[in-house]
Colleague: 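Below you will find the structure I want to go over with you.
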Amino acid sequence: MVKSSTHYVCQSCGSYFPKWAGKCEGCDSWNSLVEEATVDSFQKKTTLKAQKIEFSSLEDISPPLPRLLTGIEEFDRVCGGGLVPGSVLLVGGDPGIGKSTLMLQVAAVISGKAPCAYISGEEAADQVRLRAKRLQVSTSPVHLATTTHIGDILKSLHQGPRVAVIDSIQTMYVESLDAAPGSVSQVRASAHELIRFAKKYGVTIIIVGHVTKEGLIAGPRVLEHMVDTVLYFEGERGHHFRILRSVKNRFGPTDEIGVFEMTDKGLQEVSNPSALFLPHRTEEVTGSCVFAGVEGTRPLLVEIQSLIAPSSLGTPRRAVVGWDSGRLSMILAVLEARCDLTCGNRDVFLNVAGGLRISEPAADLAVSASLLSSLANAPLPKDAVFFGEIGLSGEIRPVSQQEARLKEAFKLGFKTAFIPKPSKSFSMPEMALIPLAHIAELANYLEAKPMPRKAYGG
Ligand code: TYD
Ligand code: MG
């Protein structure tokens, strides 16, 4: 009998089985069996070709190859200053968010400088050409191919492209595995082959991956640890802004963002995003507050809005768009415990304008100011920005890059800033700085009075 060269390994307990099953008999976990090559077949292959490895010192590296700048500034910055030869990038995002559009645009500009291949496993060549026509890049010398076979791709890449886009990894397969394209094992094996090739021949490979909700198709997460750089392309449905965010980068800073706008001619760069996330405000509105944030290395002003309204429900709603709902609950609890302000039986809605997602704790003070303004029914000063982290005792803590935040605010015409009380002397003569040590000081400033608890049943 021919011994099978693959078996199924449970990803949580490590037991292995000759056949696939929905449930692991070793640890009872579901859907954890993944096809892998057996140790026997693996060793046979590896020991046959095994040879002595060469050790070298940390010092004697050959001078690094220059990075390849695409010319799309937002993209280059997120990559940490252009594409590193021989590196592998993963661009993940929801289906339909614009990954193929961005990659075709990137491939088009690169191909003007270096040979670049765009390999689509999802669309027919004519569909890609149609898209290229819409993006007005039809004349750029991109090498277009449509295939899903990794072996074919690697053989063809020998011929010279310095950059290759693989769209998408979920459609690719290697012949040695029986599993269907899109399964964890195929996605991993395909990516592994691509990565090995990239390192060996110094070709930059950009892998596109769909984020999937169900477990049926493997998402880009299973590849994050293998690649050099992980970029996620995000955006709210209904908004035309798209944000490219670096979550891992072996060659540059993470948390850097690039902002794009989806238009009928593809993605346009937005080089001054603060202006975009700050709608033109003519009158003062309660609950609206400007947060002076930092995304990666770049300061970014964003409007945060809140609305507090009497609730008709037994359990009042807490709805958040663009921020962490756990963090909102914490801020509400701090306001209640430290300032005696309660939202009781009232619905609280919080929204980050423009479809941006903020993850910085520095937004705490701006969120509190917005909530206090809603509670007190008093607008905040129109020319003021806010930033600061809030602790559970209500203290306001300093945050990073204060100067960059203030400079950006000043540049956009803001005159006042509510900031954490600095530990060492700190001045910015152009702006009126209002240092705060405790959240109660902000409540006093805004004259937010404790809510009459009876009136709202709190
Ligand atoms: P696409 O790049 O195909 O998404 P993905 O590869 O992430 O699945 O983007 C598809 C969406 O983008 C589609 O809904 C239409 C829109 N779009 C535009 O608005 N303008 C354009 O010029 C192009 C090419 C696409
Ligand atoms: Mg696509």
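Residues take their numbers from the sequence shown, with the count starting at 1. Numbering of ligands and ligand atoms starts at 1, following listing order.
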Colleague: Quick one: look up the protein heavy atom nearest atom 23 (C) of ligand 1 and list residue, atom name and how far away it is.
Modeller: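 Scanning the protein heavy atoms, the shortest distance from atom 23 (C) of ligand 1 goes to Arg134 NH2, 3.7 Å.
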Colleague: Got a protein heavy atom sitting under 4.0 Å from atom 15 (C) of ligand 1?
Modeller: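 Under 4.0 Å from atom 15 (C) of ligand 1, zero protein heavy atoms found.
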Colleague: Backbone, side chain, both or neither: what part of Lys99 comes under 4.0 angstrom of ligand 1, heavy atoms only?
Modeller: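 Both backbone and side chain of Lys99 come within 4.0 Å of ligand 1.
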Colleague: Using a 4.0 Å heavy-atom cut-off, which part of Ser100 comes near ligand 1: side chain, backbone, both, or neither?
Modeller: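 Both of them.
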Colleague: Would you call Lys407 and Glu403 a salt bridge, using N to O less than 4.0 angstrom?
Modeller: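 Looking at Lys407 and Glu403, the cut-off is met.
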Colleague: Thinking salt bridges, do Glu408 and Arg298 make one under a 4.0 Å N-O criterion?
Modeller: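 So Glu408 does not pair with Arg298 through a salt bridge.
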Colleague: Can you report which non-hydrogen protein atom sits closest to atom 13 (C) of ligand 1, along with the distance?
Modeller: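 Checking every protein heavy atom, the shortest distance to atom 13 (C) of ligand 1 gives Gly96 O, 4.6 Å.
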Colleague: Strictly by modelled atom types, are Ser100 and Glu122 linked by a side-chain donor-acceptor pair under 3.5 Å?
Modeller: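 No donor-acceptor contact under 3.5 Å links the two side chains.
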Colleague: Does any N or O of ligand 1 fall below 3.5 Å from an N or O anywhere on Gly266, backbone included?
Modeller: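 Yes - when backbone and side-chain N and O of Gly266 are compared with those of ligand 1, one distance drops under 3.5 Å.
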Colleague: Starting from atom 2 (O) of ligand 1, what is the nearest protein heavy atom, named by residue and atom, and what distance separates them?
Modeller: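 For atom 2 (O) of ligand 1, the nearest protein heavy atom is Thr101 OG1, 2.6 Å.
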Colleague: Within Ser100, is some N, O or S atom less than 2.8 Å away from the Mg ion (ligand 2)?
Modeller: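 Yes.
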Colleague: Considering heavy atoms of the protein only, find what lies nearest to atom 4 (O) of ligand 1 and give residue, atom and distance to 0.1 Å.
Modeller: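 Ranked first by proximity to atom 4 (O) of ligand 1 is Gly98 N, 3.1 Å.
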Colleague: Hey, which atoms in ligand 1 end up nearer than 4.0 Å to a heavy atom of Met262?
Modeller: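 Going through ligand 1 atom by atom, the ones under 4.0 Å from Met262 are 12 (O), 16 (C), 17 (N), 18 (C), 19 (O), 20 (N).
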Colleague: Are any of the N/O atoms on Leu135, whether in the backbone or the side chain, positioned under 3.5 angstrom from an N/O atom of ligand 1?
Modeller: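 Leu135 vs ligand 1: no N/O contact under 3.5 Å.
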Colleague: Would His210 count as being in polar contact with ligand 1, using the rule that some N or O on each side must be under 3.5 angstrom apart?
Modeller: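 No.
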Colleague: Looking at Ser374 and Ser306, would you say the former's side chain and the latter's main chain have a donor-acceptor pair under 3.5 Å?
Modeller: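 Side chain of Ser374 to backbone of Ser306: a pair is present.
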Colleague: Hey, could you give me the CD1/CE distance between Ile207 and Met103, rounded to the nearest 0.5 Å?
Modeller: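 Between atom CD1 of Ile207 and atom CE of Met103 there are 12.0 Å.
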Colleague: Should the ring pair Phe418 and Phe386 be called parallel, tilted or perpendicular, given that the plane angle runs from 0 to 90° and is split at 30 and 60?
Modeller: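 Phe418 and Phe386: parallel rings.
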Colleague: I'd like to know whether ligand 1 has Thr263 as a neighbour, heavy-atom separation below 4.0 Å.
Modeller: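 It does, in that a heavy atom of Thr263 comes within the 4.0 Å cut-off of ligand 1.
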Colleague: Of all the atoms in ligand 1, which lie at a distance below 4.0 Å from a heavy atom belonging to Pro95?
Modeller: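 Counting from 1, the qualifying ligand atoms are 8 (O).
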Colleague: If the contact criterion is a heavy-atom separation under 4.0 Å, does Gly93 count as touching ligand 1?
Modeller: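 The answer is no, since Gly93 has no heavy atom less than 4.0 Å from ligand 1.
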Colleague: Given Arg242, Glu122, Arg131, which one has a non-hydrogen atom that is nearest to atom 3 (O) of ligand 1?
Modeller: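 The option holding the nearest heavy atom is Arg131.
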Colleague: Could you tell me how the ring of Tyr173 sits relative to the ring of His149: parallel (under 30°), tilted (30 to 60°) or perpendicular (over 60°)?
Modeller: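 Plane angle under 30°, so parallel.
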Colleague: Could you tell me whether Arg242 and Glu74 have a side-chain N and a carboxylate O separated by less than 4.0 Å?
Modeller: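 No salt bridge links Arg242 with Glu74.
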Colleague: Applying side chain to side chain contact (heavy atoms under 4.5 Å, CB included) to Leu194 and Leu154, what does each step give before you reach the verdict?
Modeller: CA-CA 7 Å; Leu194 291 168; Leu154 297 187; 3.8 Å; yes
Colleague: With a 4.0 Å cut-off, would you call Asp228 and Arg250 a salt bridge?
Modeller: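 Looking at Arg250 together with Asp228, the answer is yes, because their closest N to O distance falls below 4.0 Å.
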